[in-house]
Chemist: 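Would you mind keeping the following structure in view while I ask a few things?
Quantities reported herein were computed from a predicted structural model and do not represent experimental measurements.
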Amino acid sequence: MSKISEIDTWLRENFSLLLDKYQVPGAAIAVFADGEIVEHAAGVVNTATGVESTTDSVFQIGSITKVWTITLIMQLVDEGLVDLDRPVRDYLPEFQVADARAAATITVRQLACHTGGFEGDVFADTGTGEDAVAKLIPLLSDVPQLFPPGERFSYSNAGFCVLGRIVEVLRGKCWDDCVRERLIGPLGLTHAGCGAEDAIRHRAAVGHILPESGGEPVPTKVWSLARSNAPAGATLVMRPRDLLTFARMHMNEGKADSGVRVLSPESVRAMRERQVAVPDLGIMGTHWGLGWVDFGWQGGTVVGHDGGTIGQSAFLRIALERDVAFALLTNGGATLKVYHEIAAKLMRELAGITVPPLPEPDPALAPADLSRYVGEYSSRVVSTVVTAEGGRLWLRRTPKGEFADLDEPSGTVELLPWHGETFVAVIPEVPGAYVAHEFVGDDGTGRARFLHTGRADRRVSR
């Protein structure tokens, strides 16, 4: 029996059990190895209707969309229309953030690897029209600069909206149409689309959240984030097989299954090259390329991306030297736990690669002096207050802006030592797993300058 056949059997016997174990209402997965694809689905797409999840069900892929947006950018590079190291303003003269000097120098490459340095979460609803992304760009004019462009990594949804707008301007079409005409069509995807109007043509998943600790997941009241953030991951939907088809184009040096050239081999390789190191947060990899995450796992090179929308989570992994990939799409519950068990099994059995464990606290590593970490760290979407009491660190998060209506304050949770200056905590909106928080830099008084959770939130109190 081939390895992929063994995995097919294992998924048939265990996929549904894993969803039940971790309160995931529904999910679907596609795995590629040995030149074959196997697919499985279990659970329901909506607990309110009881409609079953199938391998053709479409889920939101969230921020995996960012790899699609960079692919569109790299097509422009292939055509000589974009130079990654030119300022964004060469292509989008109206681009502005609060720091005028930074706005004039930020490059396309820096946006593509999250080193632009300005606050990255601007989820304003600018409507559902084709001009939704265009309308977002002026709203970035007062977004503060956290650090000089290129200095460090800080995850930026807004940066990818800017990249999406560059695509729109140079193509003369909205981002959705560019995705349809330059990726969905050439790749031959039949169960993929750019929002609710496309999703309703298929069996579409609805996100689920936990209303309270220990409760059962319930459908979200809001299906997706605003169309203004489509290039960053707000609206794209598809089944796992179609996401895997996109991944296999990247595995096949830019060629679709039909033989159509979608991207040059040079651009495919450029997207994988490490651009910036990432804080050690356990699940975000060790480096970022152009769109792709490089996970730095033992045994081989694995790139991919995760996605999270309102109650939906998506995972894509590619073992480059082993020609192995999988796409897992879910609609709520302790999705990280499900992902980790599946990833560990698939990567070990199909690619000989070891997936590291999820972060777990180590009380023995608690630092004696906690004063460096105490204070308030803030962004446009969340305020985080860190306090110390009884030799222990505590954290309280309060959503702001657009997220104030979608999320509740976290309550006070303990930050437990993991390693170095990285601590972990159980956050209600990420059930079943610890979320890592690293304290980074120095504010000039010996205290941490940023609280980094993938996004760097700046200290606002001393």
Side-chain angles (χ1 to χ4, degrees), residues 61-100 102-145 149 154-184 194-195 224-236 263 267 271 290-291 307 380-381 402:
I61 67 167
S63 286
I64 297 174
T65 300
K66 291 179 172 67
V67 186
W68 293 60
T69 295
I70 296 299
T71 300
L72 293 173
I73 287 286
M74 298 307 290
Q75 289 176 336
L76 292 166
V77 171
D78 285 344
E79 296 172 36
L81 298 175
V82 165
D83 182 332
L84 294 176
D85 296 309
R86 298 291 298 173
V88 169
R89 281 192 179 167
D90 283 5
Y91 312 103
L92 202 62
E94 66 269 31
F95 171 65
Q96 182 62 278
V97 292
D99 186 326
T105 62
I106 292 169
T107 67
V108 177
R109 183 185 301 276
Q110 287 167 343
L111 294 186
C113 59
H114 300 280
T115 60
F118 56 92
E119 279 205 14
D121 288 333
V122 182
F123 294 104
D125 188 345
T126 60
T128 58
E130 293 186 352
D131 59 354
V133 178
K135 286 181 175 179
L136 183 74
I137 304 306
L139 303 183
L140 305 182
S141 62
D142 63 347
V143 170
Q145 195 74 19
S154 183
Y155 194 83
S156 178
N157 288 295
F160 273 74
C161 294
V162 175
L163 291 170
R165 181 58 185 155
I166 291 173
V167 172
E168 291 185 333
V169 169
L170 295 182
R171 294 299 185 196
K173 298 180 178 181
C174 71
W175 183 85
D176 291 17
D177 285 347
C178 293
V179 170
R180 293 187 183 105
E181 294 177 13
R182 297 188 172 272
L183 292 176
I184 291 176
C194 299
S224 73
L225 295 167
R227 188 179 181 183
S228 64
N229 270 247
T235 58
L236 202 55
L263 199 60
S267 285
M271 286 179 64
L290 301 176
R380 292 165 65 100
V381 298
E402 296 87 355

Chemist: Is any side-chain heavy atom of Val133 closer than 4.5 Å to a side-chain heavy atom of Pro231?
Modeler: yes
Chemist: Distance-only, no hydrogens or angles: does the Asn229 side chain make a donor-acceptor pair with backbone N or O of Val122 under 3.5 Å?
Modeler: yes
Chemist: For the atom pair CG (Leu163) and CD1 (Ile73), what is the distance rounded to the nearest 0.5 Å?
Modeler: 5.0 Å
Chemist: How far apart are the closest heavy atoms of Ala134 and Glu168, and which atoms are they?
Modeler: N-OE1, 4.1 Å
Chemist: Within the 4.5 Å heavy-atom criterion, are Phe160 and Thr65 side-chain neighbours or not?
Modeler: no
Chemist: Using side-chain heavy atoms (C-beta onward) and a distance below 4.5 Å, is Val381 in contact with Glu119?
Modeler: no
Chemist: Less than 4.5 Å apart, any side-chain heavy atom of Arg171 and any of Gln75?
Modeler: yes
Chemist: How many angstroms lie between CG in Leu140 and CD in Glu94, if you round to the nearest 0.5 Å?
Modeler: 10.5 Å
Chemist: Find out whether Thr69 and Trp175 are in side-chain contact, i.e. whether some heavy atom of one side chain is under 4.5 Å from a heavy atom of the other.
Modeler: yes
Chemist: Hey, could you give me the OG/CD1 distance between Ser267 and Ile70, rounded to the nearest 0.5 Å?
Modeler: 11.0 Å
Chemist: Ignoring hydrogens, what is the shortest heavy-atom contact between Val67 and Gly291? Give both atom names and the distance.
Modeler: CG2-O, 3.8 Å
Chemist: Rounded to the nearest 0.5 Å, what's the gap from CE on Met271 to CE on Met74? Could you check?
Modeler: 7.0 Å
Chemist: Test your reading of the model: is there a side-chain donor-acceptor pair from Gln110 to the backbone of Pro87, 3.5 Å cut-off?
Modeler: no
Chemist: Heavy atoms, side chains only, cut-off 4.5 Å: are Thr126 and Leu139 in contact?
Modeler: yes
Chemist: What pair of heavy atoms forms the shortest contact from Ala234 to Ala226, and how long is it?
Modeler: CB-O, 3.1 Å
Chemist: Output yes when Asp176 and Arg227 qualify as a salt bridge under the 4.0 Å nitrogen-oxygen rule, no when they do not.
Modeler: yes
Chemist: Quick check against the 3.5 Å criterion: does Ser228 have a side-chain atom that pairs as donor or acceptor with the backbone of Ala124?
Modeler: yes
Chemist: Heavy-atom distance under 4.5 Å between the side chains of Asp121 and Arg380, does that happen here?
Modeler: no
Chemist: To the nearest 0.5 Å, tell me how far Lys66 NZ sits from Cys161 SG.
Modeler: 7.5 Å
Chemist: Could you report the tightest heavy-atom contact between His114 and Ser156, atom names first, then the distance?
Modeler: ND1-N, 2.9 Å
Chemist: Closest approach of Leu111 and Val162, non-hydrogen atoms and distance?
Modeler: CD1-CG1, 3.6 Å
Chemist: Return yes if some donor-acceptor pair links the side-chain N/O of Arg86 with the main-chain N/O of Val108 below 3.5 Å, else return no.
Modeler: no
Chemist: With the side chain counted from C-beta on, respond yes when Tyr91 and Leu76 share a heavy-atom pair under 4.5 Å apart, and no when they do not.
Modeler: no
Chemist: For Gln145 and Gly116, work out which heavy atoms get closest and say how close.
Modeler: NE2-O, 2.8 Å
Chemist: How long is the span from the CG atom in Leu263 to the CG atom in Leu72, to the nearest 0.5 Å?
Modeler: 9.5 Å
